[in-house]
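Scroll down for the structure; my scribbles are underneath it.
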Number of protein chains: 2
Amino acid sequence: MQNILSVIAKTPLFKGLPENQLKEIQRITVSRSYNKGEAIFFEGDECNGFYIIAQGQVKVFKLSFEGKEHILHILGPGEPFGEVPVFSGRPFPANSQSLVKSRLLFLPRAAFIKLITANPSLSLNMFAILSMRLREFTVQIENLSLKEVPGRVASYLLYQSDEQGHHDFVDLRISKKQLASMLGATPETLSRMFAKMSDQGLIEVQGRLIRILDRQRLTTI
Amino acid sequence: MQNILSVIAKTPLFKGLPENQLKEIQRITVSRSYNKGEAIFFEGDECNGFYIIAQGQVKVFKLSFEGKEHILHILGPGEPFGEVPVFSGRPFPANSQSLVKSRLLFLPRAAFIKLITANPSLSLNMFAILSMRLREFTVQIENLSLKEVPGRVASYLLYQSDEQGHHDFVDLRISKKQLASMLGATPETLSRMFAKMSDQGLIEVQGRLIRILDRQRLTTI
DNA sequence: CTGTTTTCTTGATCTAAGTCAAGGCAAAGC
DNA sequence: GCTTTGCCTTGACTTAGATCAAGAAAACAG
């Protein structure tokens, strides 16, 4: 198990900060453990801090009135979440749940705001992260409203393969049910899309590993 | 025509800042004019600054491969836009176009970063703005993927009536075609929904003015 | 290893909403 | 004034994807 300091040092949020600042951050963080399936916060909860993932995997999601779920983010080690309401001063806008056994670092609101006020380079990092989230949401909204399911699947695969640094395969790293929830579709539909795309020679599905056979054609869907 | 300083002072991004900081911001801004329909920037353009609307109205939108347009925002006086890529150092993620004759303030990237580094309270104000917008996107995603068109129309009307400070009517202020685009639907479908909701005694449509007849029932759609 | 639970796949059916088409209306321009 | 252009509405038709259902394949717990 890594110590708090090394986790903090690797988080993009704190990149470029001097050692003494990192230690100061370490002083205000609290480590918390969550079991698989355990709730971290609920939509509407008051927010008195945000989280950084030390180990594990977490989902942030919305629930419809009928209990249907849409996953907004799936986050892994080093990534912060729940930071939005820290600044808006409003309750959490979505739910969060641990997908596996996870260890999280909790940063209390007041202490963090003090820190960020005193440190311009931390501010810039935070701006970059918030901007990035905004951009991701922009893409998600674009996909949901302009593309149909096959198009969303294709752009997800292309985006992830870039992100993972490969050009001919993608490791989904999440269940297909969860992927369906992220793409705004049902598991049945996603399954059919994978089958169809396989028939068309676009991809090859082996469990959670998707081999990209025709990248070119995939971009035009 | 208002002067630059009074526009800056009213912008949510800078509201509440002391006079001297406002003047510093004023010093780095450039005023630019745009005609109706004129492009402000395109998706993929390098971002060397962002904009604030002094006068007029602007849309920020994405284009699908087939040329279908999805409006992300319609912005009016005092509202900033294009600030997202300033910090992440990425190109513009969407297109922007002036809907009417507009005057915009342009804030160059380099000068602005310098300013922010020197002003922590400016940062905190801007964090709050970004966070609010992220919250709004969260709601938009929820609406798109968890609700059907009638539900989206209903929540838009309810949200806007609150926003405008009325409880029994809404002035759309944009064309129904544009509204349809914002809600991820076609103009035909929106028209049918308005007709249906009128039949059901939920609303009354008079051009761009929508009278809310049964607020209670509208929330349950 | 074995039973249990969850995930995944495939088929049959249904429906919300998109597309195509045509007519009416209103604002903008000559 | 008239004409043009774009906006809005309504109808007929089509289709993408949801739902329901049931079996196969993994993942998990004891």
Side-chain angles (χ1 to χ4, degrees), chain A residues 35-38 57 59 64-71 74 97-101 143-154 156 171-200 203-210 221, chain B residues 35-37 59 64-71 74 97 99-101 143-154 156 172-200 203-210 221:
Chain A
N35 288 318
K36 176 178 173 172
E38 195 176 342
Q57 197 179 39
K59 71 174 169 184
S64 78
F65 188 72
E66 304 89 33
K68 225 166 64 175
E69 162 185 310
H70 181 91
I71 296 177
I74 292 202
Q97 195 180 353
S98 186
L99 288 172
V100 296
K101 200 171 167 53
N143 285 344
L144 283 172
S145 76
L146 295 178
K147 293 184 186 170
E148 305 187 328
V149 177
R152 290 179 229 160
V153 174
Y156 184 86
D171 178 3
L172 294 184
R173 290 196 291 230
I174 52 174
S175 75
K176 287 171 187 167
K177 187 185 164 183
Q178 281 163 353
L179 177 57
S181 168
M182 290 188 74
L183 299 178
T186 58
E188 292 98 319
T189 299
L190 180 63
S191 183
R192 278 184 254 268
M193 289 311 147
F194 275 147
K196 199 171 168 186
M197 289 167 123
S198 296
D199 283 353
Q200 296 174 339
I203 59 171
E204 201 179 290
V205 182
Q206 295 152 333
R208 290 189 182 180
L209 209 107
I210 314 291
I221 291 175
Chain B
N35 288 318
K36 174 177 173 173
K59 70 174 168 184
S64 76
F65 189 71
E66 304 89 32
K68 215 166 76 173
E69 165 183 309
H70 180 77
I71 296 175
I74 293 205
Q97 198 181 350
L99 287 174
V100 296
K101 198 169 169 56
N143 285 343
L144 282 172
S145 83
L146 297 178
K147 291 184 187 170
E148 303 184 331
V149 178
R152 291 180 228 158
V153 173
Y156 183 86
L172 294 184
R173 290 198 286 236
I174 52 173
S175 75
K176 286 172 187 169
K177 189 183 167 184
Q178 282 168 348
L179 176 58
S181 169
M182 290 189 76
L183 299 178
T186 59
E188 293 97 320
T189 299
L190 180 62
S191 182
R192 277 185 255 269
M193 289 311 146
F194 274 148
K196 199 171 168 187
M197 289 166 121
S198 296
D199 283 351
Q200 296 173 339
I203 59 171
E204 200 179 291
V205 182
Q206 297 152 333
R208 290 190 180 180
L209 208 104
I210 315 290
I221 292 177

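No experiment lies behind these values; they were computed from the predicted model shown. Chain A is the first sequence line, chain B the second, and so forth, proteins listed ahead of strands; every chain is numbered from 1. No hydrogens, no waters, no symmetry mates; every other heavy atom, side chains included, goes into these values.
Taking the side-chain hydrogen bond (donor to acceptor under 3.5 Å, both in side chains) definition, one finds that K176(B) meets it with nothing, sequence neighbours left out.
Rounded to a whole Å, the CG atom of N143(B) is 13 Å from the P atom of dA17(C). M193(A) has its CE atom 12 Å from the C1' atom of dT15(D), to the nearest Å. Residue K196(B) contributes atom NZ, which lies 16 Å from atom P of dT9(D) at whole-angstrom precision. In this structure, K36(A) atom NZ and dT5(C) atom C1' are separated by 11 Å, rounded to whole Å. If you take CD of Q206(B) and C1' of dC7(D), they are 18 Å apart, rounded to a whole angstrom. Summarising the geometry, the separation between NZ on K101(B) and P on dA28(C) is reported as 16 Å, rounded to the nearest angstrom. Atom P of nucleotide dG17(D) and atom CG of L146(B) are separated by 16 Å, given to the nearest angstrom. Atom C1' of nucleotide dT9(D) and atom CE of M197(B) are separated by 17 Å, given to the nearest angstrom.
In terms of heavy atoms, A180(B) sits closest to L190(B) at N-CD2, 3.8 Å. Summarising the geometry of N35(A) relative to S98(A), their closest heavy-atom pair is O-CB, 3.6 Å, with the distance given to 0.1 Å. The minimum heavy-atom distance linking L99(B) with Q178(B) is given by the pair CD2-NE2, 3.8 Å. Here the closest heavy-atom approach between residue P187(B) and residue K177(B) is recorded as CG-CG, 4.0 Å.
In this structure, M197(A) and I221(A) have side chains that are in contact, with non-hydrogen atoms separated by less than 4.5 Å. F194(B) is listed as a side-chain neighbour of I210(B), based on a closest heavy-atom distance under 4.5 Å.
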So which protein nitrogen or oxygen atoms get under 3.5 Å of nucleotides 6-9 of chain C's nitrogens or oxygens?
residue : atom : partner : partner atom : Å
dT7(C)  : OP2  : K177(A) : NZ           : 3.0
dC8(C)  : OP1  : K176(A) : N            : 2.9
dC8(C)  : OP2  : K176(A) : N            : 3.3
dC8(C)  : OP2  : K177(A) : N            : 2.8
dT9(C)  : OP1  : K176(A) : NZ           : 3.3
dT9(C)  : OP2  : S191(A) : OG           : 3.2
dT9(C)  : O5'  : S191(A) : OG           : 3.2

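Nucleic acid contact for G151(B): none, since no nucleic acid atom lies under 4.0 Å from a heavy atom of the residue.
In the set dG18(C), dA18(D), dG17(D), dA18(D) carries the atom at the smallest distance from any side-chain atom of T186(A).
Residue whose closest nucleotide on DNA chain C sits further toward the 5' end, between T189(A) and E148(A): T189(A). Between R192(B) and V149(A), the residue anchored nearer the 5' end of DNA chain D, judged by the nucleotide with its closest heavy atom, is R192(B).
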